[in-house]
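Structure below; questions to follow.
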Amino acid sequence: MHGTKILEEADRLMTVCNSCRYCEGLCAVFPAMEMRRSFSDGDLNYLANLCHACGACYTDCQFSPPHEFNVNVPKTFAIARAESYAAYAWPGICSGVFARNGLAITLIAALSVAAFIFGFAAFNDRQVLFGVHTGPGAFYKLMPHKAMAALFGAAFLYAILALVMGVRAFWRDIGEPIGMLADRGSLWQAIKDASGLRYLDGGGAGCVNEDERPSDLRKIYHHFTFYGFLLCFASTAVATLYHYLFAREAPYPWWDLPVVLGTLGGIGLLVGPAGLLAERGKRDPALVDEKRTGMDVAFILMLFLTSLTGIALLLWRDTPAMGPLLALHLGVVFALFITMPYGKFVHGIYRYAALVRYARERRMVGHGVQSSFD
Ligand code: SF4
Ligand code: SF4
């Protein structure tokens, strides 16, 4: 007996697949499945989060619909994954945000943007709000640096705490000791697998679309998004060091490191999310968990808007539009931070943790201790 209906279905499918094993070369899920004879809730959540949703095992399967076995691993795991995000959410009271995620994220983003616009209008007179401010410290004429650092620092630390608690819950559920996270070999292997999206290629052929023609585009747009996000994060980190170590205030000239990193990252966060949205429209509906469309789209749009408003601010920062654009950008970024633990962002975190466990299992099998997984 499992805790939910979708885990019952996942157990049924894994039992069929464990007898068949036709797909064992496609990704990490099937080799991990083969190390088990039976599946606990935690095992199934682990396998669901290890799945990269390439769709190959659906098109390759001789038991997929209309066969009476009705085997659809990608969709079943997509639903199980989404339910696991809500189950691991911290604090538990926030798990409801996953229920109508698209609506919740839209409302939070709208409120956040409205609060920044209202705050800027309330604390600045018209000349300052629509004035032209240039050179170091220009942004802080509209919002003091201390207030900005306190607000965004608190939101960022809260998001990190909530994400860490979520991973802790996931790790406990899949039955791994917390100390396992100190296994450096497995951590490094998982970094390599995640940074190359090793298992988002359908065993080498690519992701499957509605026309059943495999393509690498989803993987490519995912790379744009992931590395774009990392570059934007690096830009913010370098700007923070500039401020506190060298007393150099933003905004910085276009050739300076924070701007170069932020611009490259911003381009990645325009191209990647736009491409992912387009590719999402081409996916075979049989593979997609339609109930979570809002969650996927809301996260992609939040990343796109973060970049769009950031680039608009860069382009028009020396004009009277700087004040309203800064309010808009800060509103979107603040909403992105506080919703990170309660939206699609968590898929990257749990998938990485699942890859760490998979790397460890492979290492243990390599050392002849497979029986511990039976
Ligand atoms: S998905 Fe289908 S073909 Fe692949 S292992 Fe499972 S039952 Fe076999
Ligand atoms: S959808 Fe792709 S990643 Fe997921 S189990 Fe099937 S082959 Fe593996």
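Each ligand, and each atom within it, is numbered from 1 in the order the structure gives.
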When you measure from atom 3 (S) of ligand 1 to every protein heavy atom, which one gives the shortest distance, and what is it?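 For atom 3 (S) of ligand 1, the nearest protein heavy atom comes out as Q62 OE1, 3.3 Å.
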Counting only N and O atoms by type, is there a donor-acceptor contact under 3.5 Å from the side chain of R317 to the main-chain atoms of A138?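 No: the side chain of R317 does not pair with the backbone of A138.
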Under 4.0 Å from a heavy atom of C20: which atoms of ligand 1 are those, numbered in the order shown and with their elements?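 Ligand 1 atoms under the 4.0 Å threshold to C20: 3 (S), 5 (S), 7 (S), 8 (Fe).
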What protein heavy atom is closest to atom 7 (S) of ligand 2, reported as residue, atom name and distance in Å?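 The closest heavy atom on the protein side is C54 SG, 3.5 Å.
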Side-chain contact test, heavy atoms from C-beta onward, threshold under 4.5 Å: evaluate it for Y352 versus I191 and give yes or no.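 A side-chain contact under 4.5 Å exists here.
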Using a strict 4.0 Å cut-off to heavy atoms of F63, name the atoms of ligand 1 that fall inside it.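 The list of qualifying atoms is 7 (S).
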Taking the side chain as C-beta and beyond, is there a heavy-atom pair between R81 and R351 under 4.5 Å?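 Contact flag for R81/R351 side chains = yes.
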Going by an N to O cut-off under 4.0 Å, is there a salt bridge joining K75 and E9?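 Looking at E9 together with K75, the answer is no, because their closest N to O distance does not fall below 4.0 Å.
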Should D183 and R363 count as an ion pair when the cut-off is N to O under 4.0 Å?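 Salt bridge: yes.
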Note the single closest protein heavy atom to atom 8 (Fe) of ligand 2, along with its residue, its atom name and the distance in Å.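 Heavy-atom neighbour on the protein nearest atom 8 (Fe) of ligand 2: C27 SG, 2.3 Å.
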Please state which part of A53 comes within less than 4.0 Å of ligand 2, counting heavy atoms only: side chain, backbone, both or neither.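 For A53, the contact with ligand 2 is made by the backbone alone.
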Pull out every atom of ligand 2 sitting under 4.0 Å from any heavy atom of G55, numbered as shown with elements.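 Answer, ordered by atom number: 1 (S), 2 (Fe).
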Within the 6.0 Å centroid threshold, strictly below: F63 and Y22: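 Not under 6.0 Å, so no.
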Of all the heavy-atom pairs spanning P341 and F98, show the shortest one and how long it is.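 What the structure gives for the nearest pair is O-CZ, 3.6 Å.
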Taking only heavy atoms of C61 into account, list the atoms of ligand 1 that are under 4.0 Å away from them.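 Heavy-atom distances to C61 below 4.0 Å select 1 (S), 2 (Fe), 3 (S), 7 (S).
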Give the atoms of ligand 2, by number and element, whose distance to some non-hydrogen atom of H52 is under 4.0 Å.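 Within the 4.0 Å cut-off of H52, ligand 2 contributes 3 (S), 4 (Fe).
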What atoms of ligand 2 come closer than 4.0 angstrom to any heavy atom of C51?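 Matching atoms, with element in brackets: 1 (S), 3 (S), 4 (Fe), 5 (S).
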Under 2.8 Å: N/O/S of C57 next to atom 6 (Fe) of ligand 2: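 Of the N, O and S atoms in C57, at least one lies under 2.8 Å from atom 6 (Fe) of ligand 2, which means yes.
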Could you list which atoms of ligand 2 come closer than 4.0 Å to a heavy atom of P74?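 Those of ligand 2 that fall under 4.0 Å from P74 are 1 (S).
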With V238 as reference, evaluate L257, V259, V260 under the side chain to side chain contact (heavy atoms under 4.5 Å, CB included) test and give the passing residue.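 Of L257, V259, V260, side chain to side chain contact (heavy atoms under 4.5 Å, CB included) with V238 is met by L257 alone.
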Among all protein heavy atoms, pick out the one at the shortest distance from atom 6 (Fe) of ligand 1; state its residue, atom name and that distance to 0.1 Å.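 Protein heavy atom at minimum distance: C17 SG, 2.3 Å.
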Between the side chains of K5 and E8, is the shortest nitrogen-to-carboxylate-oxygen separation below 4.0 Å, so that they form an ion pair?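 Between K5 and E8 there is no salt bridge, as every charged N stays at least 4.0 Å from the carboxylate O atoms.
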Can you tell me the protein heavy atom closest to atom 4 (Fe) of ligand 1 and the distance?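 Checked against all protein heavy atoms, atom 4 (Fe) of ligand 1 sits closest to C23 SG, 2.3 Å.
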